[in-house]
Number of protein chains: 2
Amino acid sequence: MISKNLTAASTKPIILGILKQGNSYGYLIIKKIKELSGGKMEYSDGMLYPVLHRLEKEKFIKSNWTMDGGSRPRKYYEITELGKQELVHEQAQWVEVTSVLETLWGKTSTST
Amino acid sequence: MISKNLTAASTKPIILGILKQGNSYGYLIIKKIKELSGGKMEYSDGMLYPVLHRLEKEKFIKSNWTMDGGSRPRKYYEITELGKQELVHEQAQWVEVTSVLETLWGKTSTST
DNA sequence: TCGTAATACTTTGATATTCTATGTATATAG
DNA sequence: CTATATACATAGAATATCAAAGTATTACGA
């Protein structure tokens, strides 16, 4: 299992990344994350929905209810332009930190 | 500046990584992180010391006071065997999550 | 030698975050 | 008709965080 901190740090870029691939809704996003991580990351609904609400409040995503004939209502989320910008920003930060870590890992592994 | 979440997620591997390179003490660790990140990550002392205490309590690092002639007392920290194992573990998790993100980034950038 | 800045470590507690638990409701399979 | 999966929502207990304040020593210029 992925640690709490790391989960927290990756939640935003993962959700935005998934939505950049195409619109989706809460329940499906949870499944997609589980699938993408090979089961290593698993969000409960109580964990994910509040994050979606926050991201929407911050204008990174927007939602609209859909009732595809027959199925029950779903709240589809879509990434906004602002959200795309934020994703780029998140990406840059991730690379930044990873680079610091790689410097350290590189140096620590020289002893073979 | 690096986001709070990402800072939180990287604190442990960064500290353990620095100490794996060689013993160090709080004040110097703060400076080293700032230097390594090109100023993008900056810990206040109030942020770092409690983390060191926690890591020591968890047996990932151990400390001993030194009084090199002339200079004031310093609490040097050293990584333990358990700490080295934990670092490997942290590293694996980081790679895991980065791989999920890269999958998403890869797919999102196909549109050129 | 006096004052200031840098070094060095510590702890408290207000503030913010998180996520568990719980609730609602529909669709579907058996 | 019942159990389970789907689908979304939120209160608030529990926890984590970090700014701020405190202590003390050394270095250094005036």
Side-chain angles (χ1 to χ4, degrees), chain A residues 1-15 18-19 23-35 39-58 60-78 97, chain B residues 1-15 18-19 23-35 40-58 60-78 90 97:
Chain A
M1 271 291 287
I2 302 300
S3 76
K4 219 171 79 169
N5 276 339
L6 204 43
T7 302
S10 56
T11 299
K12 189 153 78 162
I14 286 180
I15 293 176
I18 286 173
L19 291 180
N23 299 352
S24 192
Y25 57 95
Y27 198 83
L28 194 57
I29 291 172
I30 290 172
K31 298 206 150 171
K32 214 171 275 187
I33 293 176
K34 192 178 173 184
E35 183 206 326
K40 296 211 174 64
M41 307 185 80
E42 199 169 351
Y43 287 85
S44 67
D45 47 3
M47 277 168 72
L48 190 81
Y49 287 114
V51 176
L52 289 173
H53 298 163
R54 204 195 68 219
L55 290 177
E56 184 169 29
K57 203 170 146 203
E58 293 171 323
F60 296 136
I61 62 180
K62 58 185 174 187
S63 67
N64 56 307
W65 286 97
T66 58
M67 338 257 180
D68 331 288
S71 81
R72 91 193 51 93
R74 284 174 186 154
K75 201 176 188 178
Y76 268 85
Y77 285 96
E78 181 188 342
V97 175
Chain B
M1 269 291 288
I2 302 299
S3 76
K4 219 170 81 168
N5 276 341
L6 204 43
T7 302
S10 57
T11 299
K12 189 153 78 163
I14 286 179
I15 292 176
I18 286 173
L19 291 179
N23 299 353
S24 191
Y25 57 95
Y27 198 82
L28 194 57
I29 291 173
I30 290 171
K31 297 207 152 172
K32 214 171 276 187
I33 294 176
K34 191 178 173 185
E35 183 206 325
K40 295 210 175 65
M41 307 186 80
E42 199 169 351
Y43 287 86
S44 67
D45 47 3
M47 278 168 72
L48 191 81
Y49 287 113
V51 176
L52 289 172
H53 298 161
R54 204 195 68 218
L55 290 177
E56 184 169 28
K57 204 171 146 203
E58 294 172 322
F60 296 138
I61 62 179
K62 60 187 173 187
S63 66
N64 57 308
W65 286 97
T66 58
M67 338 257 178
D68 330 288
S71 80
R72 89 190 54 93
R74 284 173 186 155
K75 201 175 188 178
Y76 269 85
Y77 286 94
E78 182 188 341
E90 289 281 328
V97 175

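A, B, ... follow the sequence lines: proteins, then strands. Residue 1 opens every chain. Since the model is a prediction, treat every value here as computed from it, not as a measurement.
When all heavy atoms of A/Tyr49 and A/Gly26 are compared, the pair lying nearest together is CE2-CA, 3.7 Å. The two residues A/Tyr25 and A/Lys75 come nearest to each other via the heavy atoms CB-O, 3.1 Å. Nearest heavy atom pair, residue A/Lys32 against residue A/Ile18, reads CD-CG2, 3.8 Å. Among all heavy-atom pairs drawn from B/Tyr77 and B/Ile61, the shortest one is CD2-CD1, 3.4 Å. Across every non-hydrogen atom of A/Ala8 and B/Asn5, the tightest pair is O-ND2, 3.4 Å. Nearest heavy atom pair, residue A/Leu55 against residue A/Ile15, reads CD1-CG2, 3.9 Å.
Regarding B/His53, its NE2 atom lies at a distance of 16 Å from the P atom of D/dC18, rounded to whole Å. Rounded to an integer number of Å, the gap from A/Arg74 CZ to D/dC8 P is 8 Å. Summarising the geometry, the separation between CE on B/Met41 and C1' on D/dC18 is reported as 15 Å, rounded to the nearest angstrom.
In summary, A/Arg54 and A/Glu58 engage in a salt bridge, as defined by a charged side-chain N under 4.0 Å from a carboxylate O.
A close approach under 4.0 Å does not occur between any side-chain nitrogen or oxygen of A/Tyr25 and OP1 or OP2 of D/dC8. Here A/Tyr49 reaches the OP1 or OP2 of D/dC8: one of its side-chain N or O atoms lies under 4.0 Å away.
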Practice problem: Classify every nucleotide of nucleotides 1-6 of chain C by which part a protein heavy atom approaches to under 4.0 Å, writing B for the base, S for the sugar-phosphate alone and - for neither, in 5'-to-3' order. | Solution: ------

Exercise. Give the B/S/- string for nucleotides 13-20 of chain C, one per nucleotide from 5' to 3', where a protein heavy atom under 4.0 Å of the base yields B, of only the sugar-phosphate yields S, and otherwise -.
Key: ----SSSB

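B/Glu90 contributes no side-chain N or O that, together with a main-chain N or O of B/Lys12, makes up a donor-acceptor pair within less than 3.5 Å.
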